[in-house]
Structures are given as C-alpha cells and as structure tokens.
Peer 1: 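Provided herewith is a single structure, encoded as structure tokens, for subsequent inquiry.
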Amino acid sequence: MSRFSPFREELELKPEEHELFCELFRGIAGLSLGPQSRFSMERRLRDRLVALNLKSFSEYYQVLRFHPHARAEMEEAIDAMTTHETYFFREDYQLRAFQEELLPLLAKEKKTTRRLSFWSAGCSTGEEAYTIAALVLASGLVDDWDVRVYGSDISKKCVSFARRGIYGKSSFRSSIPVAYTSYFDRRADGDVEVGKSIRALCHFGQMNLTDADKTSVVGQVDAIFCRNVLIYLTDDARKRVISTLYEQLRPGGVLMLGHSESLLNVTTAFELYHLKEDLVYKRPPGTP
Ligand SMILES: C[S@@+](CC[C@H](N)C(=O)[O-])C[C@H]1O[C@@H](n2cnc3c(N)ncnc32)[C@H](O)[C@@H]1O
C-alpha cells in the first residue's frame, strides 16, 4: 500500500487506545509518554499499521500483545517510538573535558592493567561510541592498551546501522574536526566510513537499559556516557537505569549525562565531580 494512501490518513489513534499504548511502552522500555504524545504516536505508528494491513490501532495493540510475532513487531514499535537523534562530536565541551581532564585520570588509575572500557548506553546509530573511540586514540595516552568501547541501544535497527559504520552528512553537524580526519575514510559516494583503528575498539549490542538482568553482559566499565536518554524515560525507569549504570561502573568510574539531564531527585549514590567546563558523576572509590 502506498505511503500516501488516503486510508493511511484515516487511521486515528483514539484517546483510550493511546492510553493502552502508553502503558505498554512504559512497561517494556520505561518510555515516558504523556497525553500530549497522542498525535506524535499516531504519526509514528501509522506506517506499521499500513505495513501489516490493519484497519485500526486497536488491532495493532492486539498484535503487539498476542500475535505469535509480537516480539518482532514490538521491536518495530519501540524503534518508531524512540528518538534517535545523534551526531559525531555532540556536546563538544563535555568531550573536551573527557579527553583533557578525565582520560588522564582514568589512564593513571589503570596504568597497571593497561585496560580501559567505556560504555555508550543508548548509543543510537553509533556516532557517540565511535566519537569516544576517536577521542581516546587521539589522546595518545593509551597507545597499545586494551581499550574497548561498548555501544548499546534498545533499537535493533540502530545497532545494525552502528555496526555498518557508514554515515551521511547529517551525522556530522559540522565538518570533522581536523585532528580527527585520519580516523574516517571518505567514500566515493560522499558518505563517510569509520576507519579501521576506531572500528576495532567498538562493539555494539541491542540492550534495553530498563532490563537490569541483560545489562550485566557489559561488565564493569571505567566510564559511561548515557546522554540524552534519561529525558525520554519515566521517573521510575530513570531510577532503575541509574541504579544499573551505578552497578556497571567500577568504583571511581564516571558517568556523563546530557547537558539537560541530572541526577537531582534520582539518586545520592554518586559524587559530583567538577571539571573546568563540566560536571560529571563519579561512583565513589572504595564502594563495594
Ligand atoms: C536521542 S538518542 C541519544 C543518542 C546519543 N546518546 C547522543 O546523545 O547523541 C536516545 C537513544 O536512547 C535509546 N533508548 C531509549 N530508551 C531506551 C531504553 N529503555 N534502553 C536502551 N536504549 C533506549 C533510543 O533508542 C535512542 O536511540
């Protein structure tokens, strides 16, 4: 069916159906979807109804709850309902603080094992994870160390895209900073491919951050970037995710959030760590 079929525009998400979907997505992924999300939800999910040739959102709800392929369809629905905006070198003041102030500290703490691991939790299409890898390599502080960057996202499509490692213009809001051009390869079609050196450090996997049992596969890491993810979650989900991130951070490790996010009223377990241009959260050293 054509995307512009008149039928498509007639698919209306009724308020009572909207409430059911909100509850469903809140339960599965911790997504915070209030009454104001009805029209955006209608717009985001309509393509799925068209793809499955369904006549109403109620039918779609039944598919998500009871169909033998409900699980695969839920992946599609969650992918449609989450916001994946991201780009390389996002929030550069924080990345500068990470590279110039935090990385030397972490490298000093780990000089015996010569092993560092980072987690981009909610990495979307991978730009954040590859950015971290480029920053770490360019610092020159950990040459020949065992460095790993894990990227995870609830969206399977995003994870596949990240693994592919090929990006168009929109992934670079501005040109690649000169110091980093050697980490990327320009392709004949104009797209940019992440180079071998940063690709080798990065590993991607699908993961729902509200599912604490699954997140343990990441192991304990030295720093976590969980930027622009918590803003989309309910208070309860945010608390659960933060507690998971705390567990996955080694004592003394740091957590970086997006510029509009904070742990105020979420937890007191972390120490605030003041950098010249930024504020990050540290799991107190020595905590069991
Ligand atoms: C706006 S993007 C942020 C990407 C990147 N961290 C950045 O700051 O550029 C938010 C990502 O969080 C993911 N996300 C939302 N809820 C999630 C959950 N419960 N578990 C894992 N990822 C989730 C979404 O799929 C989306 O790709």
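Atoms within each ligand, like the ligands themselves, are counted from 1 in listed order.
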Peer 1: Under 4.0 Å from any heavy atom of Thr86, which atoms of ligand 1 are there?
Peer 2: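 By the 4.0 Å cutoff, the relevant atoms are 4 (C), 5 (C), 7 (C), 9 (O).
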Peer 1: Write out the residue and atom name of the closest protein heavy atom to atom 15 (C) of ligand 1, then the distance separating them to 0.1 Å.
Peer 2: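 It is Thr82 CG2, 3.9 Å.
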Peer 1: Classify the ring geometry between Tyr130 and Phe88 as parallel (under 30°), tilted (30 to 60°) or perpendicular (over 60°).
Peer 2: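 Rings of Tyr130 and Phe88: parallel, as their planes differ by under 30°.
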Peer 1: Is Lys156 salt-bridged to Asp79, going by a charged N under 4.0 Å from an acidic O?
Peer 2: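 No salt bridge links Lys156 with Asp79.
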Peer 1: Of all the non-hydrogen atoms in the protein, which one sits nearest to atom 2 (S) of ligand 1, and at what distance?
Peer 2: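 I find the closest protein heavy atom is Thr83 O, 3.3 Å.
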Peer 1: Counting each atom of ligand 1 from 1 as listed, which ones have a heavy atom of Asn208 under 4.0 Å away?
Peer 2: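 This gives 18 (C), 19 (N), 20 (N) as the contact atoms.
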Peer 1: Is Ser155 in polar range of ligand 1, meaning some N or O pair under 3.5 Å apart?
Peer 2: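 No, Ser155 has no N/O under 3.5 Å of an N/O on ligand 1.
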Peer 1: Could you walk me through whether Glu42 and Arg46 pass salt bridge (charged side-chain N to carboxylate O under 4.0 Å, His left out), step by step?
Peer 2: CA-CA 6 Å; Glu42 183 181 83; Arg46 260 182 186 156; 3.3 Å; yes
Peer 1: Does the distance from a Lys or Arg side-chain N to an Asp or Glu carboxylate O, for Lys239 and Asp235, drop under 4.0 Å?
Peer 2: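 A salt bridge is absent here (no side-chain N lies under 4.0 Å from a carboxylate O).
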Peer 1: Hey, are Glu101 and Arg96 close enough for a salt bridge, meaning a charged N less than 4.0 Å from a carboxylate O?
Peer 2: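 Salt bridge flag = no for Arg96 with Glu101.
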Peer 1: Heavy atom under 4.0 Å from ligand 1: found in Arg227's side chain, backbone, both, or neither?
Peer 2: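 It is both backbone and side chain that touch ligand 1.
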Peer 1: With atoms numbered from 1 as shown, which atoms in ligand 1 lie under 4.0 angstrom from a non-hydrogen atom of Ser124?
Peer 2: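 So the atoms of ligand 1 that pass are 4 (C), 27 (O).
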Peer 1: Does any N or O in the side chain of Glu261 come within less than 3.5 Å of the main-chain N or O of Leu230, such that one atom is a donor and the other an acceptor?
Peer 2: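 Confirmed, Glu261 side chain pairs with Leu230 backbone.
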Peer 1: Any non-hydrogen atom of Ala29 lying under 4.0 Å from ligand 1?
Peer 2: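 A heavy atom of Ala29 does come that close to ligand 1.
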Peer 1: Is Glu128 salt-bridged to Arg227, cutoff N-O under 4.0 Å?
Peer 2: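 Salt bridge present between Glu128 and Arg227.
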Peer 1: In the protein, what heavy atom is nearest to atom 11 (C) of ligand 1, and what distance, to one decimal place, separates them?
Peer 2: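 Ranking protein heavy atoms by distance from atom 11 (C) of ligand 1, first comes Asp153 OD2, 3.6 Å.
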Peer 1: Closest non-hydrogen protein atom to atom 21 (C) of ligand 1, residue and atom name please, with distance?
Peer 2: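 So the nearest neighbour among protein heavy atoms is Met207 O, 3.2 Å.
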Peer 1: Kindly identify the option in Ile231, Val241, Asn228, Asp211 whose heavy atom sits closest to atom 8 (O) of ligand 1.
Peer 2: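 Residue with the shortest heavy-atom distance to the ligand atom: Asn228.
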Peer 1: Would you mind checking if Lys157 and Glu76 are paired as a salt bridge, meaning a charged N to carboxylate O distance below 4.0 Å?
Peer 2: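 Yes, charged N to carboxylate O under 4.0 Å.
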Peer 1: To which protein heavy atom is atom 14 (N) of ligand 1 closest, and what is the distance rounded to 0.1 Å?
Peer 2: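 Residue, atom and distance for the closest contact: Ile154 CG2, 3.9 Å.
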Peer 1: Do NZ/NE/NH1/NH2 and the carboxylate oxygens of Glu271 and Lys282 come within less than 4.0 Å?
Peer 2: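 Not counted as a salt bridge, because no side-chain N and carboxylate O are separated by less than 4.0 Å.
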Peer 1: Between Glu277 and Gln94, do the side chains contain a donor N or O and an acceptor N or O under 3.5 Å apart?
Peer 2: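 Note: Gln94 and Glu277 side chains miss the donor-acceptor criterion.
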Peer 1: Give the residue, atom name and distance (to 0.1 Å) of the protein heavy atom nearest atom 7 (C) of ligand 1.
Peer 2: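 Sorting protein heavy atoms by distance from atom 7 (C) of ligand 1 puts Arg90 NH1, 3.3 Å first.
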Peer 1: Would you say the side-chain atoms of Thr82 and His84 include a donor-acceptor pair closer than 3.5 Å?
Peer 2: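 Present: a donor and an acceptor within the cut-off.
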Peer 1: Quick one: nearest non-hydrogen protein atom to atom 20 (N) of ligand 1, plus distance?
Peer 2: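 For atom 20 (N) of ligand 1, the nearest protein heavy atom comes out as Leu209 N, 2.9 Å.
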Peer 1: Within the 4.0 Å heavy-atom shell around Val229, which atoms of ligand 1 are there?
Peer 2: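 Once the distances to Val229 are compared, the set is 12 (O).
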Peer 1: Please report whether ligand 1 has a polar contact with Tyr232, defined as an N or O pair separated by less than 3.5 Å (distance criterion only).
Peer 2: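 Tyr232 vs ligand 1: no N/O contact under 3.5 Å.
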Peer 1: At what distance is the nearest protein heavy atom to atom 5 (C) of ligand 1, and which residue and atom is it?
Peer 2: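 Here the nearest protein heavy atom works out to Gly122 O, 3.5 Å.
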